[in-house]
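Worksheet: the structure to be examined is printed underneath.
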Amino acid sequence: MQVAGLFAGIGGFELGMESAGHRTSLLCEIWAPARAVLAAHYPNVPLPPDIVDLTELPPEVEAVVAGFPCQDLSQAGMTAGIGGKRSGLVGHVFRLLDKRRTPWVVLENVSFMLHLDSGRGLRALMDAFEQRGYRWAYRVVNSLAFLPQRRERVLFVATTTDVDPASLLLADEIDPPEPSTSLSTHAHGFYWTEGIRGLGWARDAIPTLKNGSTIGIASPPAILLPSGRVVTPDIRDAERLQGFEAGWTEPATAVGRGSFRWSLVGNAVTVPVAKWLGERLAEPGFYERDRDCELAAGARWPKAARFDGDRRRRVEIGVFPVWRERPPLADFLRYEGKDLSARATRGFLSRTERSSLRFPPGFLNRLYRHAAVRESTGAAKPKIPVLAAE
């Protein structure tokens, strides 16, 4: 299919779709660093800057893909909702569809939109598609199915064709293997900026890569390596953890500070997730209707649902459509990470002392040791408390 990528970012949706055999006819992105990345990798694709000024889609376009802005929907953002200044831009997708209804539309956003303002944003999308004669299905999918990054996102597929959108999104499911890890043999990712509540912790993976700050303040996770070192990953490994080749965002440095690359990567659609969906778009699967359940009026939105043209139905299905084999996180990393500073480590540890969060045995001990090593140059090593047995 010919694809139009709106709110294209650095092209994660489009790269994944092209890997599945589709072709990109149009890209639309307003942020200069992201535009520089797109221009470098898609030099022959039209790249208008602002969806507000986009009057119509190219006539050959069969599918619209859009990872529309999540800042107003994210738990880490302003949570202004679907009517927020940035996330509300998705309304321009429907303005363009009113000019010409493309057969397929695929949207992606943060899973928090299921809960924000009682799911009002998701309901607005459903209503808008149904008013235009689309059937739809949505599902929360975890990037951990493909790569060592725990990242849940909502995929929303709508169509005017005879193909059931559930046969794309809801035909595949697998129970992921239970990781058997230990601090001595596997890497463990966490967010060192937390520590009182909401700890982003992942075994043999990293927690969700965040978009950082719009003024270029990076927000990488930390990784506790089996050796006991605590590092923040190199940006090139962060790109790889989203499914891009290392150096994909390097062109952004020509128009902005290098730390913007973290925002670009954190905002991106995970490439192999888009590829899996693109493969199903080319070859739909079979949806088992015994997964259908009643969607009670006023109930919280489930992690998967569909509209068959008549009724909205809750769907019983997990967040892992497949499980792709990958090396352990410690072996996946190719580039030397930066040691988390003693100050940052101590700040995290001081917050854990005021929290009720639970940690694996030995985890905090290793962080105290890391801080001591970082502080040990020319000074006496601070005492390391014994918190738990290794």
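Not measured: the values here are computed from a predicted model.
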For S143, what residues pass the side-chain hydrogen bond (donor to acceptor under 3.5 Å, both in side chains) criterion, not counting sequence neighbours? T270

side-chain hydrogen bond (donor to acceptor under 3.5 Å, both in side chains) partners of N142, counting only residues at least two apart: none

Inter- and intrachain pairs under salt bridge (charged side-chain N to carboxylate O under 4.0 Å, His left out), touching [range], at least two apart:
{"range": "residues 101-115", "answer": "E108-R153"}
{"range": "residues 171-183", "answer": "D172-R280, E173-R291, E178-R203"}
{"range": "residues 294-307", "answer": "E152-K303, D164-R306, D292-R306, E294-R311"}
{"range": "residues 123-133", "answer": "D98-R132, D127-R312, E130-R312"}

Residues in salt bridge (Lys or Arg N to Asp or Glu O under 4.0 Å) with [X], at least two apart?
{"X": "R151", "result": "none"}
{"X": "E60", "result": "none"}
{"X": "E336", "result": "R229"}

Treating [X] as the side-chain partner and [Y] as the backbone partner, does any N or O pair qualify as donor plus acceptor under 3.5 Å?
{"X": "W192", "Y": "I223", "answer": "no"}
{"X": "Q242", "Y": "V269", "answer": "no"}
{"X": "H22", "Y": "M1", "answer": "yes"}
{"X": "R139", "Y": "V315", "answer": "no"}

Indicate, with yes or no, if V140 and F320 share a hydrophobic cluster defined by side-chain heavy-atom contacts under 4.5 Å among Ile, Leu, Val, Met, Phe, Trp and Tyr. yes

Do I196 and L364 share a hydrophobic cluster, counting only Ile, Leu, Val, Met, Phe, Trp and Tyr and linking them when any side-chain heavy atoms are less than 4.5 Å apart? no

According to the side-chain hydrogen bond (donor to acceptor under 3.5 Å, both in side chains) rule, which pairs have a member within [range], sequence neighbours left out?
{"range": "residues 315-332", "answer": "R314-E316"}
{"range": "residues 4-21", "answer": "E18-T24"}
{"range": "residues 347-363", "answer": "E353-Y368"}

Near-ring test F363/W201, centroid separation under 6.0 angstrom: yes

Shortest non-hydrogen separation from L54 to P48 and the atoms involved: CD1-CG, 4.0 Å

For the residue pair K275 and F146, would you count it as a cation-pi contact if the rule is NZ or CZ under 6.0 angstrom from the ring centre and within 45 degrees of the ring axis? no

Which class fits the ring pair W136 and F307: parallel under 30°, tilted 30 to 60°, perpendicular over 60°? parallel

Ring geometry between Y138 and F156 (parallel below 30°, tilted from 30 to 60°, perpendicular above 60°): parallel

Indicate whether any N or O donor in one side chain lies under 3.5 Å from an N or O acceptor in the other, for S182 and S184. no

Donor-acceptor pair between T249 and E239 side chains, under 3.5 angstrom: yes

Within this structure, what is the [atom1]-[atom2] distance for the pair [X] and [Y], rounded to the nearest 0.5 Å?
{"X": "L155", "Y": "L107", "atom1": "CG", "atom2": "CG", "answer": "9.5 Å"}
{"X": "L333", "Y": "I206", "atom1": "CG", "atom2": "CD1", "answer": "8.5 Å"}
{"X": "D204", "Y": "H186", "atom1": "CG", "atom2": "NE2", "answer": "4.5 Å"}
{"X": "L147", "Y": "L241", "atom1": "CG", "atom2": "CG", "answer": "7.0 Å"}

SB check D308 R313 (cutoff 4.0 Å): yes

Any salt bridge linking E245 with R236? Criterion: basic side-chain nitrogen under 4.0 Å from a carboxylate oxygen. no

